[in-house]
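We count ligands from 1, going down the list as the structure has it; atoms in each ligand are counted the same way. We're numbering straight along the sequence, starting at 1.
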Amino acid sequence: MNNLKTFFAECTRTIDEKLERFVPTEQTEPRKLHRAIRWSLFAGGKRFRPALVLAVGEAFGARKENLLCTAAAIEMIHTYSLVHDDLPAMDDDDLRRGRVTCHRKFDEATAILAGDVLQTLAFQVVSEDKNLSAEIRIRLISELARAAGTPTGMVAGQQLDLQAEGKKISIEDLEKIHHSKTGAIICGAARAGAIISEASEAELETVSKFASKLGLLFQITDDLLDVTQTTAVLGKTAGKDSASAKATYPGFYGVEESGKLARRVCDEACAALQEIDKNTDLLCKLADFVLNRKS
Ligand code: GRG
């Protein structure tokens with residue numbers, strides 16, 4: 001776990017350096033917009049998705065410099081989704097990443113626009129990444145657009161999630177929601193790392209298998225943390241799922257069984273990696289990190 005800590009610290013440092021370079025300063029007009037973007041982006045998220053891009057790239061032997069812009073872009077897309085998710089029309093939350101949410105600190109219109117900038121800037125960053133060939137840039141843009149905006153992507157998953165509030169849904173429907181809402185971007189991050197490394201189609205397929213388990217694991221642990229952790233530790237409002245009558249894994253299976261399910265899904269994720277003829281230890285450790293995370 002110790003070298004994973006070092007890996008995350010180094011990943012956060014390099015990604016934040018890139019983000020710092022891409023995002024306009026607080027002094028850039030309109031200042032309120034840029035202050036709002038920075039408020040949410042530099043609030044201390046785990047940087048899990050960019051870490052996944054770097055870890056997959058490292059396993060497949062990519063140059064780190066080739067991975068950084070895409071990793072930063074994915075963090076922008078993720079942060080945009082959090083800013084919009086917190087809006088009154090969606091989850092209506094006051095706290096995110098240990099701070100008051102973007103729309104509470106600034107206002108709703110600014111939070112919507114901050115999210116809009118983060119999303120579009122992400123695609124600009126990938127399209128202008130001089131380290132990558134035009135072909136790979138187009139593949140990455142397609143991959144990220146697919147993960148975010150198609151009927152099986154994050155936005156559609158969010159719609160399904162909102163529609164399911166207060167309703168009794170089946171475990172299959174719950175999985176479908178999370179496969180899109182949480183899993184699509186996680187899968188997109190892992191696949192992006194493999195695409196930049198010019199992995200084969202078969203390898204890409206295996207990375208998808210691993211990442212889809214990892215996405216499910218991320219959601220199960222997110223649901224568990226919502227009922228087992230405090231607001232102070234999470235940096236976002238604990239107990240929100242039951243307050244908004246959301247279907248969750250602990251809601252279906254209880255806390256103990258959900259913990260066992262998480263362990264099983266983590267094992268399945270690591271087992272999928274065995275099909276890859278590379279050193280995938282770091283990826284398995286990342287799955288373990290998700291299983292054992294405290295926030
Ligand atoms: C509004 C388009 C749109 C999508 C929203 C991200 C999302 C989709 C909803 C957030 C609600 C939620 C709890 C999703 C489950 C998993 C998740 C994305 C958790 C937050 O990610 P972390 O834990 O956050 O990686 P940090 O702050 O560490 O980056």
Side-chain angles (χ1 to χ4, degrees), residues 8 11-12 15-16 19 39-53 71-72 74-93 95-99 101-103 108 111-112 114-116 118-120 122 144-145 147-165 174-175 177-189 214-227 229 231 233-244 246-251 262 286 289-295:
F8 261 106
C11 172
T12 301
I15 293 303
D16 284 12
L19 290 170
W39 178 261
S40 296
L41 194 57
F42 297 113
K46 287 184 288 298
R47 307 302 195 223
F48 171 69
R49 292 151 194 83
L52 184 56
V53 178
I74 290 176
E75 184 62 23
M76 290 182 201
I77 293 175
H78 169 59
T79 304
Y80 122 71
S81 79
L82 298 180
V83 171
H84 282 190
D85 182 65
D86 290 332
L87 287 166
M90 299 215 200
D91 261 15
D92 192 11
D93 228 314
L95 193 69
R96 171 71 68 181
R97 293 178 162 174
R99 309 183 147 180
T101 45
C102 194
H103 66 279
E108 272 182 59
I112 292 169
D116 291 344
L118 282 167
Q119 178 174 204
T120 45
L144 299 190
T150 54
T152 52
M154 173 183 71
V155 175
Q158 175 78 348
Q159 178 70 32
L160 292 175
D161 194 35
L162 291 171
Q163 285 175 196
E165 273 180 20
L174 181 67
E175 263 188 38
I177 292 172
H178 295 321
H179 190 70
S180 317
K181 188 183 83 167
T182 310
I185 292 289
I186 290 178
C187 202
L214 190 64
L216 177 59
L217 175 62
F218 199 92
Q219 186 62 52
I220 300 170
T221 52
D222 206 75
D223 287 359
L224 277 168
L225 289 170
D226 184 71
V227 289
Q229 272 299 2
T231 296
V233 171
L234 292 180
K236 61 181 181 181
T237 317
K240 197 71 206 287
D241 291 341
S242 66
S244 10
K246 278 200 195 288
T248 63
Y249 285 91
L286 263 190
F289 161 81
V290 174
L291 176 68
N292 294 305
R293 71 199 177 103
K294 299 284 174 265
S295 68

(message) Keeping H84 on the side-chain end and I112 on the backbone end, is there a donor-acceptor pair under 3.5 Å?
(response) yes
(message) So does S40 get a backbone contact from the side chain of R97, meaning a donor-acceptor N/O pair under 3.5 Å?
(response) yes
(request) To the nearest 0.5 Å, tell me how far K236 NZ sits from L234 CG. (result)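 Going from the NZ atom of K236 to the CG atom of L234 covers 6.5 Å.
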(message) Please enumerate all residues that pass salt bridge (charged side-chain N to carboxylate O under 4.0 Å, His left out) together with K240, with sequence neighbours excluded.
(response) D93
(request) Inspect the contact between K246 and D91 and indicate whether a charged nitrogen and a carboxylate oxygen are less than 4.0 angstrom apart. (result) yes
(request) Report yes if some heavy atom in the side chain of F42 is under 4.5 Å from a heavy atom in the side chain of T79; otherwise report no. (result) no
Check ligand 1 for N or O atoms under 3.5 Å from a protein N or O and list each pair with its distance.
{"residue": "ligand 1", "atom": "21 (O)", "partner": "R49", "partner atom": "NH2", "Å": "3.2"}
{"residue": "ligand 1", "atom": "23 (O)", "partner": "K46", "partner atom": "NZ", "Å": "2.6"}
{"residue": "ligand 1", "atom": "25 (O)", "partner": "R49", "partner atom": "NH1", "Å": "2.7"}
{"residue": "ligand 1", "atom": "25 (O)", "partner": "R49", "partner atom": "NH2", "Å": "3.4"}
{"residue": "ligand 1", "atom": "27 (O)", "partner": "R97", "partner atom": "NE", "Å": "2.8"}
{"residue": "ligand 1", "atom": "28 (O)", "partner": "K46", "partner atom": "N", "Å": "2.9"}
{"residue": "ligand 1", "atom": "28 (O)", "partner": "K46", "partner atom": "NZ", "Å": "2.8"}
{"residue": "ligand 1", "atom": "29 (O)", "partner": "H78", "partner atom": "NE2", "Å": "2.8"}
{"residue": "ligand 1", "atom": "29 (O)", "partner": "R97", "partner atom": "NH2", "Å": "2.8"}

